[in-house]
Amino acid sequence: MTLVALTTQNRTTITGHAGMCRNFMVFKLDGPEVTQQRVVELKPEQSFHEIADGMPHPLDGIDLLISGGMGAGLQQKLARRGIESLITSETDPLRALTLLVQGALPVLSSAAHAQHHDHEHGHAHEHGHPHAEGQRCAGCRCGH
């Protein structure tokens with residue numbers, strides 16, 4: 001049995017900014033079969049960016065977190081909790097699970113993700129339209 005969580009701020013697609021994400025789809029995989037699915041909604045202070053190491057977290061116990069984007073620092077923080085993390089370009093949660101089971105999920109490194117978006121947190125985003133940190137883009141594919 002494997003517990004897999006996917007970042008899904010909009011509850012329909014895999015989204016980025018895993019550290020600030022507050023909505024997750026959690027799937028229980030028994031081999032290639034999904035045996036359980038649930039949505040976990042976090043309070044703002046429970047986001048991975050806000051929660052301190054060693055403090056209990058609602059997603060403790062998951063084996064794998066899949067997101068459209070996260071930094072190396074978050075990947076290290078998750079690893080300290082025993083959670084493996086993957087960044088993918090796949091945006092459909094069910095397709096991502098199917099590809100994961102097949103060993104064909106497209107995986108990006110955190111450096112490749114940052115280079116793809118030509119930014120790091122804390123300064124202006126360079127993908128064609130500026131927005132303040134924490135503000136969401138509407139209708140763009142940048143994941144912000």
Side-chain angles (χ1 to χ4, degrees), residues 1-122 125-129 131 133-144:
M1 175 197 71
T2 303
L3 288 176
V4 179
L6 296 97
T7 57
T8 180
Q9 196 60 23
N10 60 13
R11 296 182 182 213
T12 57
T13 60
I14 298 172
T15 54
H17 290 265
M20 295 302 293
C21 186
R22 294 183 37 225
N23 292 296
F24 298 82
M25 295 176 85
V26 179
F27 297 90
K28 185 178 187 181
L29 297 178
D30 193 1
E33 293 185 38
V34 175
T35 58
Q36 185 179 19
Q37 176 185 344
R38 62 188 167 104
V39 173
V40 174
E41 184 174 345
L42 305 178
K43 297 175 185 173
E45 65 272 13
Q46 293 176 314
S47 74
F48 282 113
H49 272 306
E50 297 297 323
I51 198 86
D53 279 345
M55 296 297 297
H57 192 273
L59 291 175
D60 284 345
I62 65 167
D63 301 296
L64 175 64
L65 175 67
I66 299 173
S67 180
M70 72 182 83
L74 178 59
Q75 288 181 309
Q76 292 167 3
K77 190 174 196 175
L78 292 170
R80 289 191 295 272
R81 290 183 173 272
I83 300 171
E84 183 182 352
S85 57
L86 296 175
I87 301 170
T88 187
S89 56
E90 179 57 54
T91 59
D92 180 271
L94 296 178
R95 179 157 168 71
L97 285 176
T98 299
L99 293 171
L100 176 70
V101 169
Q102 294 172 349
L105 181 67
V107 176
L108 305 170
S109 71
S110 57
H113 171 76
Q115 188 174 34
H116 168 74
H117 287 294
D118 192 29
H119 76 278
E120 291 291 335
H121 292 284
H125 296 267
E126 302 295 328
H127 48 262
H129 54 278
H131 55 85
E133 186 66 20
Q135 183 182 15
R136 297 193 133 12
C137 296
C140 109
R141 295 182 44 94
C142 76
H144 297 101

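Remember, it's a predicted structure, so these values are computed and weren't measured experimentally.
Closest of all the heavy-atom pairs between Ile14 and Glu90 is CD1-O, 3.5 Å. When all heavy atoms are compared, the tightest approach of Ser85 to Leu78 is CB-CD1, 3.8 Å. The minimum heavy-atom distance between Pro106 and Leu99, with the atom names listed, is CD-CD1, 4.0 Å. Taking all atoms of both residues into account, the shortest heavy-atom contact from Arg81 to Ala52 is NH2-O, 3.2 Å. Contact between Cys21 and Thr15 at its shortest, heavy atoms only, is SG-OG1, 4.4 Å. Considering every non-hydrogen atom in both Pro93 and Thr13, the closest pair reads CD-CA, 4.0 Å.
Ring geometry for His57 against Phe48 counts as parallel: the plane angle stays under 30°, on a 0 to 90° scale with 60° as the upper cut.
Within 6.0 Å of CD on Glu33 lie no more than 12 heavy atoms contributed by other residues, nucleotides or ligands. By the 6.0 Å contact criterion, CZ on Arg38 is open, its count of non-hydrogen atoms from other residues, nucleotides or ligands being 12 or less.
A distance of 12.5 Å separates CE in Met55 from CD in Glu50, rounded to the nearest 0.5 Å. In this structure, CG in Asp30 is found 7.5 Å from NZ in Lys28, a value given to the nearest 0.5 Å. Glu41 CD to Gln46 CD: the interatomic distance, rounded to the nearest 0.5 Å, is 10.0 Å. Residue Asp53 holds its CG atom at 4.0 Å from CZ of Arg80, rounded to the nearest 0.5 Å. Rounding to the nearest 0.5 Å gives a distance of 6.5 Å between CD1 of Ile83 and CG of Leu59. Taking OG1 of Thr88 as the reference point, atom CG of Leu6 lies at 9.0 Å (rounded to 0.5 Å).
You'll find the side chain of Gln9 stays beyond 4.5 Å of the side chain of Met20, heavy atoms only. Residues Asp63 and Leu29 have side chains not in contact (no heavy-atom distance under 4.5 Å, counting atoms from C-beta outward). By the 4.5 Å heavy-atom criterion applied to side chains, Asp60 and Ile62 are not counted as neighbours. No side-chain heavy atom of Arg22 sits under 4.5 Å from any side-chain heavy atom of Lys43. Two residues are said to be in side-chain contact when any heavy atoms from C-beta on lie closer than 4.5 Å; Leu105 and Ile66 meet this criterion.
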Output, in order, the C-alpha distance, side-chain angles, deciding distance and verdict of side-chain contact (heavy atoms from CB on, under 4.5 Å) for Leu100 and Leu64.
CA-CA 11 Å; Leu100 176 70; Leu64 175 64; 3.7 Å; yes

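Tested against Met70 for a side chain to side chain contact (heavy atoms under 4.5 Å, CB included), the candidates Leu86, Thr7, Ile87 yield a single pass: Ile87.
Between the side chain of Ser67 and the backbone N or O of Gly69, at least one donor-acceptor pair lies under 3.5 Å.
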